[in-house]
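Data block below; observations after.
In this chain, numbering begins with 1 at the start of the sequence shown. Numbering of ligands and ligand atoms starts at 1, following listing order. From a predicted model like this one, the values you see are computed outputs, not experimental measurements.
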Amino acid sequence: MTGLHPTYPLRTERLDLRAHRQDDLDDLLAFHSNPDIVRYVPWPVRDREQTRVALEAKLTQDRLTEEGQWLVLAIELRETGTVIGEVLLKWASEASRQGEIGYALHADYHGKGYASEAAREILRLGFEELGLHRIVAVLDDRNTASAQLLERLGMRREAHLLQALWFKDEWSNELVYALLKDEWLSGRSGSAASDQG
Ligand SMILES: CC(C)(COP(=O)(O)OP(=O)(O)OC[C@H]1O[C@@H](n2cnc3c(N)ncnc32)[C@H](O)[C@@H]1OP(=O)(O)O)[C@@H](O)C(=O)NCCC(=O)NCCS
């Protein structure tokens, strides 16, 4: 495996997934500064300067060259050119071909299937282009919107870990969801059909 060097944008029906740019700052700030959005993600509520620093790091996270790295892509709504969120893929292990996904969207764009659309493309990238065997998602068990998204993607709930993490000043229970490449291949026609329904 030689890592992942996508050609951008990655186009889905309504979205362009692409590397972040300096001029994404205002769009990023709009959701990084919202306490409801960052409640269950591993970042604090950010002001403009903190978002600028976070964006600096994201500018370099547009490829995977070694295990342990995260690919961090902007989700751009093609119709308006607005960055409505971000979607992530971690190359967790090269030898065992393991990955992890993550995502966050501006609240105004929830409930429209955009997160599913972006995450589905990231699963495709992980399985087909990076050659992963298994992709997981790890979340707080109170994050029902995220759990529903993972079930919509066809991911399996594998574990429920009680007080596995000291997170944002309290013990957090973790859910682990996973998908094997074979499961993804056999579920693809079903997910395409439910997209249209
Ligand atoms: C987790 C998160 C990304 C989920 O976003 P979402 O918009 O609910 O997820 P989806 O894109 O799958 O949208 C599904 C909803 O859109 C609706 N929808 C509308 N049009 C649709 C379409 N064309 N296609 C698919 N679904 C559509 C679905 O019916 C569903 O609605 P429902 O939730 O009322 O059942 C969002 O809640 C978020 O950003 N949370 C904060 C960050 C966070 O916690 N990240 C995860 C950390 S583990």
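For atom 5 (O) of ligand 1, the nearest non-hydrogen atom from the set Pro42, Ala137, Ala115, Ala107 comes from Ala115. In the candidate list Gly102, Gly85, Gly111, Ala104, Gly111 is nearest to atom 19 (C) of ligand 1, counting heavy atoms. Compare His110, Arg152, Gln148 by their heavy atoms: the one nearest to atom 36 (C) of ligand 1 is in His110.
Using a cutoff of 4.0 Å between basic side-chain nitrogens and carboxylate oxygens, Arg120 and Glu13 are not scored as salt-bridged. Between Glu121 and Arg11 there is no salt bridge, since no side-chain N of the basic residue sits under 4.0 Å from a carboxylate O of the acidic one. Between Glu79 and Arg14 there is no salt bridge, since none of the side-chain N atoms of the basic residue sits less than 4.0 Å from a carboxylate O of the acidic one. A salt bridge links Glu170 with Arg142: the closest approach of a Lys/Arg side-chain nitrogen to an acidic carboxylate oxygen falls below 4.0 angstrom.
With a 6.0 Å cutoff to the six-membered ring centre and a 45° limit on the axis angle, Lys168 does not count as a cation-pi contact of Trp43.
Below 3.5 Å of separation, one finds an N or O of Tyr114 facing an N or O of ligand 1. An N or O contact shorter than 3.5 Å links Gly113 to ligand 1 by distance. Looking at Lys112 next to ligand 1, an N or O pair under 3.5 Å apart turns up. The shortest N or O to N or O distance between Tyr103 and ligand 1 is under 3.5 Å.
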> Taking it one step at a time, do Ile75 and Val83 satisfy side chain to side chain contact (heavy atoms under 4.5 Å, CB included)?
Replying inline: CA-CA 5 Å; Ile75 304 174; Val83 173; 5.7 Å; no

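In Leu105, the parts holding a heavy atom less than 4.0 Å from any atom of ligand 1 are both the side chain and the backbone. Neither the backbone nor the side chain of Val38 has a heavy atom within less than 4.0 Å of ligand 1. Of all the heavy atoms of Arg142, none lies under 4.0 Å from any atom of ligand 1, so neither backbone nor side chain is involved.
Atoms of ligand 1 lying under 4.0 Å from at least one heavy atom of Ser116, given by number and element, are 10 (P), 11 (O), 12 (O). Near Leu149, with a cut-off below 4.0 Å to any heavy atom, the atoms of ligand 1 are 12 (O). Per-residue contacts place Leu139 under 4.0 angstrom from the following atoms of ligand 1 (heavy atoms of the residue considered): 48 (S). Close approach of ligand 1 to Ala145 (heavy-atom distance below 4.0 Å) involves ligand atoms 37 (O). Below 4.0 Å from some heavy atom of Ile37 lie the following atoms of ligand 1, by number and element: 41 (C), 42 (C).
In summary, the side chains of Tyr103 and Ser146 do present a donor paired with an acceptor at a separation below 3.5 Å, with no hydrogens or angles considered.
Not a single donor-acceptor pair under 3.5 Å links the side chain of Arg18 to the backbone N or O of Tyr8.
Asn143 contributes atom CG, which lies 9.5 Å from atom CG of Leu149 (distance to the nearest 0.5 angstrom).
Here the closest non-hydrogen pair linking Thr12 and Arg78 is O-NH2, 2.7 Å.
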